[in-house]
Participant: 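Just dropping this structure here.
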Amino acid sequence: MLKAKGWEVLISPHNRVLTKDELTQMGKGYDAVLSQLTDKIDGSVVDGWGPSASSRQAVKIIANYAVGYDNLNVKEIAERGVMMTNTPDVLTETVAEHTFALILAIAHRIAESDKFSRAGKYHGWEPELLLGTDVSRKTLGVIGLGRIGSRVAHHAVKGFDMNVMYHDLKRNDAFEKEFGAVYKEKLEDLLSEADFISIHVPLLPATRHLINSERLRLMKPTAYLVNTSRGPIVDEIALRDALKTGIIKGAAIDVWENEPNLTPGLTDLENIVITPHTASATEETRQKMGEVAAKNIIEALEGRMPPNFIKV
Ligand code: DGY
């Protein structure tokens, strides 16, 4: 889309996360940057980009190829007059599906059973072999009732007759009515009552380690934690310890606290399912995310308001 405009497009030659220096070098002289969630961009990176080819101004837009944008220091970037956009909506359905895949996988011990089968350990049917937990009619606690959180709640209610409770800064009466959902003003109440807890909040200073060891202790020993939002929202050492000591029954995480590194000891545990930040990784959705990011750049560089402008 960008090349079709006749614009010069520089694509990173590295199939890995760029260093700050590389990131600074790559943006120099360009009008727009299409960033990934691994590109940490702050005021000093923007300053390093300097003037663009067509004007005295630096880069005019950073189009983040993700709905989350905790990799951008929005305050410092906005202060420099650079627009920012993200890719909401197009990945909602895919992430909600992946969240449910994780809920089902941990409850039905899918990854463990797969490993067991491949290892040739199945020697015949047994009544108590790899017993899991039913999902239907249990209670799902949703932390953060945004687009993805509400779609997960929809699947829980419509697909599995689950009861839904949610915690959010705002109450949503229409949602409560439609899904019979119960609002929990206090996160602690949701944690102590739900059977499955799914996290859907952005990473902000206030949500870092939102789930820590004290809060894990509030969960039922039969409960499961699922995280498809951002890794640092869960204290991963506390999670490992809670899983190891039976404080909670299981967990499924798509996002890790220090990607691409996992807290030591986590992979030794059978009661966790781990995917590598691939909740939005379907061919259809990644294609759409690219198109949305490119469209945002086109709109901004042609002088129109990009559809997914991030207000600071
Ligand atoms: C996002 O968009 O924020 C996801 O984490 C990556 O797909």
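Both ligands and their constituent atoms are indexed starting at 1 by order of listing.
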Participant: Thr87 versus ligand 1: do any nitrogen or oxygen atoms come within less than 3.5 Å of each other?
Facilitator: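 So ligand 1 has no N or O lying under 3.5 Å from an N or O of Thr87.
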Participant: With heavy-atom distances below 4.0 Å as the criterion, list the atoms of ligand 1 near Arg230.
Facilitator: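 So the answer, numbered in order with elements, is 1 (C), 3 (O), 4 (C), 5 (O).
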Participant: Could you check whether any side-chain N or O of Arg215 sits under 3.5 Å from a backbone N or O of Leu210, counting only pairs where one atom can act as donor and the other as acceptor?
Facilitator: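 Checked: pair present.
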Participant: Decide yes or no for Ile272 and Ile253: does some side-chain heavy atom of the first lie under 4.5 Å from some side-chain heavy atom of the second?
Facilitator: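 Yes - at least one pair of side-chain heavy atoms lies under 4.5 Å apart.
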Participant: Show which atoms of ligand 1 fall inside a sub-4.0 Å distance from at least one heavy-atom site of Ala66.
Facilitator: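 Selected atoms, number and element: 1 (C), 2 (O), 3 (O).
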Participant: Which of the numbered atoms in ligand 1 are below 4.0 angstrom from a heavy atom of Leu91?
Facilitator: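 With Leu91 as reference, the close atoms of ligand 1 come out as 2 (O).
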Participant: Going by the order shown, which atoms of ligand 1 are within less than 4.0 Å of some heavy atom of His277?
Facilitator: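 With His277 as reference, the close atoms of ligand 1 come out as 4 (C), 5 (O), 6 (C).
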Participant: Do Tyr183 and Phe175 have their ring centres less than 6.0 Å from each other?
Facilitator: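 Ring-ring flag for Tyr183/Phe175: false, centres at least 6.0 Å apart.
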Participant: Hey, is ligand 1 close enough to Ser229 that some N/O pair sits below 3.5 Å?
Facilitator: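 By distance alone, the answer is no.
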Participant: Judged by atom type as modelled, is there a donor-acceptor pair below 3.5 Å linking the side chain of Arg109 to the main-chain atoms of Leu131?
Facilitator: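 Between the backbone of Leu131 and the side chain of Arg109 there is a qualifying donor-acceptor contact (under 3.5 Å).
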Participant: Looking only at protein heavy atoms, which one is nearest to atom 2 (O) of ligand 1, and how far off is it?
Facilitator: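 Scanning the protein heavy atoms, the shortest distance from atom 2 (O) of ligand 1 goes to Val67 N, 2.7 Å.
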Participant: Test salt bridge (charged side-chain N to carboxylate O under 4.0 Å, His left out) on Glu299 and Lys295; report intermediate values, then the result.
Facilitator: CA-CA 6 Å; Glu299 295 298 289; Lys295 172 101 172 125; 3.5 Å; yes
Participant: Measure the spacing between CD1 of Ile197 and OH of Tyr224 and express it to the nearest 0.5 Å.
Facilitator: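 Between Ile197 CD1 and Tyr224 OH, I get 12.5 Å after rounding to 0.5 Å.
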Participant: What protein heavy atom sits nearest atom 6 (C) of ligand 1, and how far off is it?
Facilitator: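 Sorting protein heavy atoms by distance from atom 6 (C) of ligand 1 puts Leu37 CD2, 3.5 Å first.
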Participant: Where the side chain of Lys5 meets the backbone of Met1, is there a donor-acceptor pair that is under 3.5 Å apart?
Facilitator: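 Between the backbone of Met1 and the side chain of Lys5 there is no qualifying donor-acceptor contact (under 3.5 Å).
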Participant: Nearest protein heavy atom to atom 7 (O) of ligand 1, by residue and atom, and its distance?
Facilitator: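 The answer is Ser280 OG, 2.5 Å.
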Participant: Going from CD on Glu236 to NE2 on His209, what distance comes out if it is rounded to the nearest 0.5 angstrom?
Facilitator: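 One finds 8.5 Å between CD of Glu236 and NE2 of His209.
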Participant: Using a plain distance cutoff, I'd like to know if Met289 has any nitrogen or oxygen under 3.5 Å from a nitrogen or oxygen of ligand 1.
Facilitator: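 In fact, backbone or side chain, Met289 has no N or O that close.
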Participant: Side chain, backbone, both or neither: which part of Asn86 comes within less than 4.0 Å of ligand 1 when only heavy atoms are counted?
Facilitator: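 Contact part for Asn86 vs ligand 1: neither.
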